[in-house]
Visitor: 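First, the structure itself, so that you have it in front of you.
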Amino acid sequence: MRLAAVGRALLCALIAVTGTTRAESAELRISKGYGIHYLPLYIMQHEHLLEEAAKQAGLGDVKVSWPVIDGGNNINDAMLAGALDIATLGVPGYLTLWSKAKGNARLEVIGLAGIGAGSLYLNTNKPTIKTLRDFTAADKIALPGIKTSFAAVILEMVVAKEFGDDNYAKLDPLTVGMPYPEATAALISGKTEIDAHVASPPFSFLELEHPNVHRVFNSVEVLGKTTVIMAYTTRAFYEKNPRLCAAFIAAVDDATTRIAADKRWAAHIYNEMAAVKSSDDDVLRILEDPDLHYTVTPEGIMEFASFMKRVGTIKNEPKNWQEVFVPDVANRPGS
């Protein structure tokens, strides 16, 4: 429970510094997506952890809504359109927007917290595809968002490892934007043009239960453990709502602590709220995967930033991970 205690201490410190008279937003719109990397958000929604943390911060009753938006491009568009206060998405989608908005006071964004870290699998239903070198122009690879989604950039990073940085986009023409549930159904059926899918758990695990599907790569085995899903907001929102943002971070800490303490309970909550249902035992098996863990601490941010700057998909590279996150988490052992 140490991290939850740290979160509460942070809230108390902010109350002491800012006082309780400053008005902050009484409503929060937070995007969430598909997959078990979003589990802390499911726990926060189910247990009303953010509402509780906001009250502890002296902010009174805060109304929280959780729209489901999939794909980095769609999520960033919603944030820029003013439809969200906090967005959660893959690290590359955030870095893309951070780089574009840097220096623009109206559009600048800032990271709030890591959410979930772990692996993505590239699965296929085509027996002839054993490695990345076996893909042809006739193949189609589903992923949630073209170019900027976590899955899209993971694919490019693994391709760059295999073919060199100059060929990082070699398989991009084969990619098709498709939400995780639809892509999983298409891959398992084998009746559509989709014959491969860059999938996160539980979809990556569900696909491999079918005898016609096999794995081409596990991202952790190629790239190591990294934050998969993170949260960000606009710098303007953070500056106007520092205690509300601290309450969000404290609620994420609380959720990750509860998951670690009782994974079976967390599996049940996920299964209760997820779009694609499975048994609690199946979800628990995924939660016990050593590649999967939950932490506010950002991991592997600079590996993504370095790659994206190197291949030219972002113009601005942060000097360190702390530059792209709020000071509230800067003292954590991130990377």
Visitor: Let's go through Trp66 and Met44 carefully: what are the C-alpha distance in whole Å and the side-chain angles of both, what is the deciding distance for side chain to side chain contact (heavy atoms under 4.5 Å, CB included) to 0.1 Å, and is it a yes or a no?
Guide: CA-CA 10 Å; Trp66 302 87; Met44 288 165 63; 4.0 Å; yes

Visitor: Taking the side chain as everything from C-beta on, heavy atoms only, tell me whether Lys32 gets closer than 4.5 Å to Met273.
Guide: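 In short, these two side chains touch, coming nearer than 4.5 Å.
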
Visitor: Please determine whether a side-chain nitrogen of the Lys or Arg among Glu108 and Arg235 lies less than 4.0 Å from a carboxylate oxygen of the Asp or Glu.
Guide: yes

Visitor: Are the side chain of Asn76 and the backbone of Asn73 linked by a donor-acceptor contact shorter than 3.5 Å?
Guide: no

Visitor: Treating Asp328 as the side-chain partner and Leu112 as the backbone partner, does any N or O pair qualify as donor plus acceptor under 3.5 Å?
Guide: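 Between the backbone of Leu112 and the side chain of Asp328 there is no qualifying donor-acceptor contact (under 3.5 Å).
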
Visitor: In terms of side-chain geometry, is the basic nitrogen of Asp253 or Arg258 positioned less than 4.0 Å from the acidic oxygen of its partner?
Guide: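 Looking at Arg258 together with Asp253, the answer is no, because their closest N to O distance does not fall below 4.0 Å.
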
Visitor: Run the ring pair (Phe, Tyr, Trp, His ring centres under 6.0 Å) test on Phe150 and Phe304 for me, step by step, so that the C-alpha distance in whole Å, both residues' side-chain angles and the decisive distance to 0.1 Å come before the verdict.
Guide: CA-CA 10 Å; Phe150 184 88; Phe304 285 106; 5.4 Å; yes

Visitor: Would you mind reporting whether Asp282 and Pro202 have side-chain heavy atoms less than 4.5 Å apart?
Guide: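 Answer no - side chains too far apart.
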
Visitor: Return the minimal non-hydrogen interatomic distance between Ala199 and Ser204, and the atom names on each side.
Guide: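 For Ala199 and Ser204, the tightest heavy-atom pair comes out as O-CB, 3.5 Å.
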
Visitor: Using side-chain heavy atoms (C-beta onward) and a distance below 4.5 Å, is Val62 in contact with Leu244?
Guide: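 Result yes, sub-4.5 Å side-chain heavy-atom pair found.
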
Visitor: Are Lys140 and Asp195 close enough, and set up right, to give a salt bridge (Lys or Arg N to Asp or Glu O under 4.0 Å), and what steps lead you there?
Guide: CA-CA 6 Å; Lys140 296 296 180 184; Asp195 56 23; over 6 Å; no

Visitor: Does any pair with a residue in residues 286-307 pass salt bridge (charged side-chain N to carboxylate O under 4.0 Å, His left out), and if so which ones, sequence neighbours excluded?
Guide: none

Visitor: Considering only NZ, NE, NH1 and NH2 on the basic side and carboxylate oxygens on the acidic side, decide whether Glu24 and Arg243 come within less than 4.0 Å.
Guide: yes

Visitor: Phe163 ring centre to Lys170 NZ or CZ under 6.0 Å, with the angle to the axis within 45°?
Guide: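 Ring-cation test returns yes.
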
Visitor: On a heavy-atom basis, which atom in Ala113 and which in Phe325 lie closest, and how many Å separate them?
Guide: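 In this case the closest contact between Ala113 and Phe325 is N-CE2, 3.8 Å.
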
Visitor: Give the minimum heavy-atom separation between Val252 and Gly114, together with the two atoms involved.
Guide: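 Here Val252 and Gly114 meet closest at CG1-O, 3.9 Å.
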
Visitor: Give, for atom CD1 of Ile86 and atom OG of Ser31, the distance between the pair rounded to the nearest 0.5 Å.
Guide: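 Result: 9.5 Å between the selected atoms.
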
Visitor: Under 3.5 Å, is there a donor-acceptor pair between the side chain of Thr175 and the main chain of Ile141?
Guide: no

Visitor: For Tyr34 and Tyr42, work out which heavy atoms get closest and say how close.
Guide: CA-OH, 4.3 Å

Visitor: Atom CG in Leu287, atom CD1 in Ile259: separation rounded to 0.5 Å?
Guide: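 With rounding to 0.5 Å, CG (Leu287) is 7.5 Å from CD1 (Ile259).
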
Visitor: Report yes if the side chains of Pro327 and Tyr238 come closer than 4.5 Å at any heavy-atom pair, otherwise no.
Guide: yes

Visitor: To the nearest 0.5 angstrom, please state how far the CG atom of Asp254 sits from the CD1 atom of Ile43.
Guide: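 Those atoms lie 10.0 Å apart.
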
Visitor: Spell out, as yes or no, whether a donor-acceptor pair under 3.5 Å connects the side chain of His197 to the backbone of Phe203.
Guide: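 Here the side-chain-to-backbone pair does not exist.
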
Visitor: Check this for me, if you would: do Asp165 and Arg310 make a salt bridge, where the nitrogen-to-carboxylate-oxygen distance has to be below 4.0 angstrom?
Guide: yes

Visitor: Does Val220 belong to the same Ile/Leu/Val/Met/Phe/Trp/Tyr cluster as Val153, with side-chain heavy atoms less than 4.5 Å apart forming each link?
Guide: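 Different clusters.
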
Visitor: Show your reasoning for whether side chain to side chain contact (heavy atoms under 4.5 Å, CB included) applies to Tyr232 and Leu89.
Guide: CA-CA 8 Å; Tyr232 80 88; Leu89 79 172; 3.4 Å; yes

Visitor: Membership question, hydrophobic clusters at under 4.5 Å side-chain separation (ILVMFWY): are Val311 and Leu143 in the same one?
Guide: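 Linked within one cluster.
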
Visitor: Take Asn271 and Asp280, measure what side chain to side chain donor-acceptor pair (under 3.5 Å) needs, and give me the verdict at the end.
Guide: CA-CA 6 Å; Asn271 208 32; Asp280 289 358; 3.3 Å; yes

Visitor: Between NE2 of His46 and CG of Leu39, what distance do you get to the nearest 0.5 Å?
Guide: 11.5 Å

Visitor: Identify the heavy atoms of Leu206 and Ser278 that sit nearest to each other, and give their distance.
Guide: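 Shortest heavy-atom separation between Leu206 and Ser278 comes out as CD2-CB, 4.4 Å.
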
Visitor: Does Met302 share a hydrophobic cluster with Val326, counting links as ILVMFWY side-chain heavy atoms below 4.5 Å and allowing steps through other members?
Guide: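 Met302 clusters together with Val326.
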
Visitor: Should the heavy atoms of other residues, nucleotides or ligands under 6.0 Å from NZ of Lys147 be counted, would the total exceed 12?
Guide: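 For Lys147, atom NZ is crowded (more than 12 foreign heavy atoms under 6.0 Å).
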
Visitor: Is the shortest heavy-atom distance from the side chain of Lys63 to the side chain of Leu28 under 4.5 Å?
Guide: no

Visitor: Does the side chain of Lys315 come within less than 4.5 Å of Lys100's, by heavy atoms?
Guide: no

Visitor: Can you tell me how far CZ of Arg133 sits from OG1 of Thr131, rounded to the nearest 0.5 angstrom?
Guide: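 The CZ atom of Arg133 is 7.0 Å from OG1 of Thr131, to the nearest 0.5 Å.
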
Visitor: Between Thr256 (side chain) and Thr295 (backbone), is there a donor-acceptor pair under 3.5 Å?
Guide: no

Visitor: Quick one, Phe217 and Leu155 - any side-chain contact, counting heavy atoms below 4.5 Å?
Guide: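 With C-beta onward as the side chain, the pair touches.
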
Visitor: More than 12 non-hydrogen atoms from neighbouring residues, nucleotides or ligands closer than 6.0 Å to NZ on Lys55, yes or no?
Guide: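 Counting neighbours around NZ of Lys55, 12 or fewer heavy atoms of other residues, nucleotides or ligands fall under 6.0 Å, so no.
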
Visitor: Within the structure provided, determine whether Leu107 and Leu80 are in side-chain contact (heavy-atom separation under 4.5 Å).
Guide: yes

Visitor: Is the shortest side-chain N to carboxylate O distance from Asp281 to Arg264 below 4.0 Å?
Guide: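 Counted as a salt bridge, because a side-chain N and a carboxylate O are separated by less than 4.0 Å.
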
Visitor: Just wondering, are more than 12 heavy atoms of other shown residues or ligands nearer than 6.0 Å to CG in Asp61?
Guide: no

Visitor: Are the side chain of Ser99 and the backbone of Asn316 linked by a donor-acceptor contact shorter than 3.5 Å?
Guide: yes

Visitor: Quick one: does Glu323's side chain have a donor or acceptor within less than 3.5 Å of a partner on Lys319's backbone?
Guide: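 At least one qualifying donor-acceptor pair exists.
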
Visitor: I need the Gln45 CD to Ser65 OG distance, nearest 0.5 Å.
Guide: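 Going from CD on Gln45 over to OG on Ser65, the span is 9.5 Å.
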
Visitor: So which heavy atom on Thr233 is nearest to which on Asp85, and how close?
Guide: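 Scanning both residues, the minimum pair turns out to be OG1-O, 2.6 Å.
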
Visitor: Using the benzene-type ring in the case of Trp, are the ring centres of Tyr294 and His37 under 6.0 Å apart?
Guide: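 That pair fails the under 6.0 Å test.
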
Visitor: Strictly distance-based, threshold 3.5 Å: is any side-chain N or O of Asn241 a donor or acceptor partner for the main-chain N or O of Ser25?
Guide: yes

Visitor: After noting the C-alpha distance and the side-chain angles of Leu84 and Ile30, does the key distance pass the side chain to side chain contact (heavy atoms under 4.5 Å, CB included) rule?
Guide: CA-CA 6 Å; Leu84 294 172; Ile30 306 169; over 6 Å; no

Visitor: Treating Asn212 as the side-chain partner and Ile188 as the backbone partner, does any N or O pair qualify as donor plus acceptor under 3.5 Å?
Guide: yes

Visitor: Report the C-alpha separation of Val176 and Ile194 in whole Å, then their side-chain angles, then the decisive distance to 0.1 Å, and conclude whether the side chain to side chain contact (heavy atoms under 4.5 Å, CB included) test is met.
Guide: CA-CA 8 Å; Val176 177; Ile194 301 301; 4.1 Å; yes

Visitor: Given 3.5 Å as the limit, does a donor-acceptor pair link the side chain of Asn125 with the main chain of Leu187, or not?
Guide: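 Looks like yes, one N/O pair under 3.5 Å.
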
Visitor: Of all residues at least two apart in sequence or in a different chain, which pass the side-chain hydrogen bond (donor to acceptor under 3.5 Å, both in side chains) check with Tyr121?
Guide: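 side-chain hydrogen bond (donor to acceptor under 3.5 Å, both in side chains) list for Tyr121, sorted by chain: Arg215.
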
Visitor: Could you state whether Leu284 and Tyr270 fall into the same hydrophobic cluster, counting links through intermediate Ile, Leu, Val, Met, Phe, Trp or Tyr residues with side-chain heavy atoms under 4.5 angstrom apart?
Guide: no

